[in-house]
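What follows is one structure encoded as C-alpha cells, with my remarks underneath.
Along the sequence shown, the residues carry numbers beginning at 1.
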Amino acid sequence: MSFTVNAGTASQTYSWQHGSMLGALEQGLSLMTAGLTDVRIVDSEGRSHSPAALYQRLFGAQPTDDAAQPRARAA
C-alpha cells in the first residue's frame, strides 16, 4: 500500500511517498512538531487523514508530546 504525506509552509507545499502507514505517520507527526502546516496523510484509496486522527484510529488515543518526537533507531 502507498501513503503520501503532504505538508506546507507559507510559500511551498511538500510531498513524500511511504510504503508503510507507520512510516507515513511517524513523518507526519514529526512535520507537525517541526511547525509545518496542513499536514495530511493520504492513502492509496485517496482518503486523507491528519496525523493525529490516523494515530487515534490505529492506537485509540491522541499522541502525546513524547509520541510526536522522532526516535533514534539502532543500526
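- Nearest heavy atom pair, residue S20 against residue G23, reads OG-N, 3.0 Å.
- D43 contributes atom CG, which lies 8.5 Å from atom OG of S48 (distance to the nearest 0.5 angstrom).
- Side-chain atoms of L31 and Y14, non-hydrogen and from C-beta on, never get closer than 4.5 Å to each other.
- Residues L54 and F3 fail the side-chain proximity criterion, which asks for heavy atoms closer than 4.5 Å.
- The side-chain contact (heavy atoms from CB on, under 4.5 Å) test with S15 singles out one residue from T4, V42, V5, and that residue is T4.
- Listed by chain and number, the residues in a side chain to side chain donor-acceptor pair (under 3.5 Å) with H49 amount to none (sequence neighbours excluded).
- When all heavy atoms of L36 and T9 are compared, the closest pair comes out as CG-CG2, 4.3 Å.
- The minimum heavy-atom distance linking P51 with L29 is given by the pair CB-CD2, 3.8 Å.
- Side chain of S30 to backbone of E26: no donor-acceptor contact under 3.5 angstrom is found.
- Note that CZ of R57 and OG of S50 are 12.0 Å apart. Values are rounded to the nearest 0.5 Å.
- H18 is not listed as a side-chain neighbour of S2, based on a closest heavy-atom distance of 4.5 Å or more.
- Residues satisfying the salt bridge (Lys or Arg N to Asp or Glu O under 4.0 Å) criterion with D38, sequence neighbours excluded, are absent altogether.
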